[in-house]
Amino acid sequence: MSDIFFLILRRMRMPLIFLISVYSISTIGMTLMPGIDPNGDTWHMSFFHAFYFVSFMGTTIGFGEIPYPFTDAQRAWVLGCIYTSVIAWLYGIGSLLRLVQDETFRYAVSERNFRVSINRIDQPFYIICGYGETGELITQGLADMGIQTVVIDIDPERTNAIELNNLSIPPIVLNADIKEPKNLTSAGIKGGWCRGVIAVTQNDHVNLKVAVACKLIKPDVPVICRSEIEDEAANMESFGTNFIVNPYLTFARRINLLTQNPGLHRIQNWFINQHSEEHLHQSVAQSGLPKGRWLVCGYGRFGRAVTQALADIEVEITVVDPDPIASRAPKGTIVGRGTEAKTLREAGIDDATVVVAASDDDANNLSILITAKQINKNVVTIGRVSHESDQMLFEQARCDYIFRRSLVVANEVLTLISRPLVTRFIQYSYTLTKSATEELIAQICQLTGNKSPVTWRLAVRADRSPALTSHLQAGGALNVEDLCRHQRIPRANAIPLLLWRDNISHLMPSPDMPVQENDEILFCARRNTDLLAQRLCDNEELVDTLINGNEHSIPLIRWLSRKVQH
Amino acid sequence: MNFEKVVFAFFIILALSLNFGFFLGEISESTHHHPYELFAALFISLICTVMKFGDRTHFGSTVLASSLVVDGLLITAAITWALATTDGRVISPMAMASITSLAGGALMANLISVILLIIETGQIRK
């Protein structure tokens with residue numbers, strides 16, 4: 001508030017001084033000009049009359065000549081006064097209007113509004129730095145989960161879209177340079193409700209700077225950074241950035257998994273991409289990517305990540321790159337873009353199993369995919385989309401697996417934030433054997449009817465699940481099976497994925513494992529249903545009925561019988 | 001030399017001088033106090049007030065406060081004068097005395113402004 005007030009006062013100095021001067025000089029002049037009264041005597045206006053006259057003259061012009069008709073000298077003076085006072089008023093009002101349109105003034109107003117809304121936050125929130133495609137997906141995902149966000153981006157054109165998105169929990173927006181640490185402070189990083197900072201700008205160095213600033217301003221706030229360059233990632237890691245998300249490495253790992261263990265890839269895909277699904281062809285998802293001979297067109301960051309991720313499995317990779325020396329491509333690289341049939345033939349497209357269009361140009365990538373399909377019908381295609389809007393074209397080109405950087409980053413960030421147990425499950429899931437994976441998939445498919453499942457976390461704590469906690473404290477027995485299925489409500493069945501106890505993860509806990517207080521259990525179940533565990537956690541009657549086996553009568557009779565007992 | 005400072009010091013000292021000039025003389029004697037001088041003192045004091053608008057320094061806000069006091073007192077004096085001379089009456093010694101004493105009060109506030117100005121100037125170290 002004070003900023004705006006002082007700014008107005010400061011800007012209005014000159015117009016006000018001008019206005020006061022004009023009025024004063026006019027008034028003095030009016031008292032000096034000689035007039036003639038009806039008796040023919042000379043008279044001079046008093047200050048009171050002069051000020052009265054100047055006041056109505058300046059604002060309305062035309063109340064008549066009072067108290068007696070003016071002499072020519074008085075009229076000449078009034079003529080001058082009229083024009084100067086009009087100018088003074090125009091100048092004053094003009095300055096005020098200009099001030100309202102002034103950038104600095106508007107910035108002060110928007111900054112004040114921002115500060116007020118930050119101070120009003122009374123729930124956990126995340127700060128999102130950079131509102132590009134990734135930031136948009138993350139904001140959307142967090143809003144869907146009911147989490148408040150604060151978005152900082154320098155470009156008002158991008159953040160204006162937030163208003164139009166109509167999110168259920170509208171983010172608080174600041175248009176400011178995130179490289180300035182004071183903007184992080186004004187976004188409320190020091191307040192007790194800030195749960196984390198997510199730096200997802202296009203520029204790695206900016207993300208790095210945000211991470212450094214956060215760690216210096218408030219070391220215990222978790223920082224999640226997007227990083228596409230490995231040097232910067234190592235730099236970020238060196239001062240304790242909590243999570244670094246590299247879309248290229250992540251996606252390359254997923255390609256590797258899809259080649260080696262498609263089942264596990266499918267499970268991870270379900271659990272990571274709960275908000276927006278990846279585009280992956282059904283048959284490829286079932287059978288995985290074929291081994292054999294792969295063509296990687298474009299040896300940039302993505303091409304390199306794919307090549308490295310596949311290095312230890314039996315895949316023969318041929319790289320195609322227009323400038324192998326500049327991009328430090330491996331030996332045997334075919335020179336060319338891969339958009340022409342000639343280059344692709346040279347690289348051996350006829351007996352290739354997979355083509356990866358990895359350049360950073362959407363048009364070239366599309367051209368590669370279409371040409372490759374024309375030459376070899378059976379080839380599996382993986383395409384990289386740089387611009388969100390081109391996604392549709394890749395789908396039209398029947399690309400089997402589409403890599404969208406923003407989606408990969410957003411899904412990983414959302415998983416990290418909202419589903420810590422899922423992250424753990426994914427880490428540990430690599431230890432599952434192939435047959436265990438197949439079995440889990442079969443179980444899930446049977447449960448959900450071949451649709452993608454959702455995950456849900458149960459925390460056996462007094463604040464989150466009072467009914468279960470009091471049951472356990474009363475010495476009641478409870479095992480995992482009890483929380484997962486009951487013949488009375490078969491639709492509410494769930495599959496336990498992970499049990500977290502005393503910082504130890506128990507992957508796929510067995511049904512007869514006893515549940516203790518402070519356990520956290522990750523379940524997966526059918527979409528849009530209330531899980532059994534979800535119903536049990538705060539419903540003591542239900543716990544008593546289903547777990548202790550005490551049959552309850554109709555609520556009214558139960559209530560009456562209790563009355564009698566007491 | 002800071003031009004802005006020169007202008008401000010000029011106005012603040014001018015306000016004091018004009019005010020003093022008006023105040024000088026027999027307190028109830030209307031021939032000793034000229035209305036133009038009162039008007040000039042009020043005008044300059046208003047300018048001083050506006051010049052300190054939006055100044056967030058401690059000095060600026062104190063000067064703003066004291067010049068607001070000056071404005072208040074001088075405006076009251078001017079209104080008293082206007083009321084005392086309505087419909088062509090000659091100003092009474094009693095009214096003149098109260099106008100002069102109001103101007104005397106304003107003189108004190110003006111003096112404080114000038115003292116503040118001097119203190120502030122003294123604080124600047126080369």
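Each chain gets a letter, A, B and so on, in the order the sequences are listed, and its residues count up from 1.
- Within a 6.0 Å sphere centred on NE2 of A:His44, heavy atoms belonging to other residues, nucleotides or ligands number more than 12.
- For the pair B:Thr85 and A:Phe48, the minimum side-chain heavy-atom distance is 4.5 Å or more.
- For A:Trp77, the CH2 atom counts as densely surrounded, since its 6.0 Å shell holds more than 12 non-hydrogen atoms of other residues, nucleotides or ligands.
- Closest of all the heavy-atom pairs between A:Ser24 and B:Phe43 is OG-CD1, 2.8 Å.
- In this structure the side chain of B:Phe39 reaches within 4.5 angstrom of the side chain of A:Phe47, judged on heavy atoms.
- Between the CG atom of B:Leu42 and the OG1 atom of A:Thr27 there is a distance of 10.0 Å, given to the nearest 0.5 Å.
- Closest of all the heavy-atom pairs between B:Lys52 and A:Arg13 is C-NH2, 4.2 Å.
- More than 12 heavy-atom neighbours from other residues, nucleotides or ligands sit within 6.0 angstrom of OH on A:Tyr23.
- For B:Phe53, the CZ atom sits in a packed shell: over 12 heavy atoms of surrounding residues, nucleotides or ligands are nearer than 6.0 Å.
- In this structure, A:Lys215 places its NZ atom where more than 12 heavy-atom neighbours from other residues, nucleotides or ligands lie under 6.0 Å away.
- Atom CD of A:Gln123 has more than 12 neighbouring heavy atoms from other residues, nucleotides or ligands inside a 6.0 Å radius.
- Across A:Arg10 and B:Asp55, no two heavy atoms sit closer than the pair NH2-CA, 4.0 Å.
- One distance of note links OH of B:Tyr36 with CG of A:Leu32; it measures 3.5 Å at 0.5 Å rounding.
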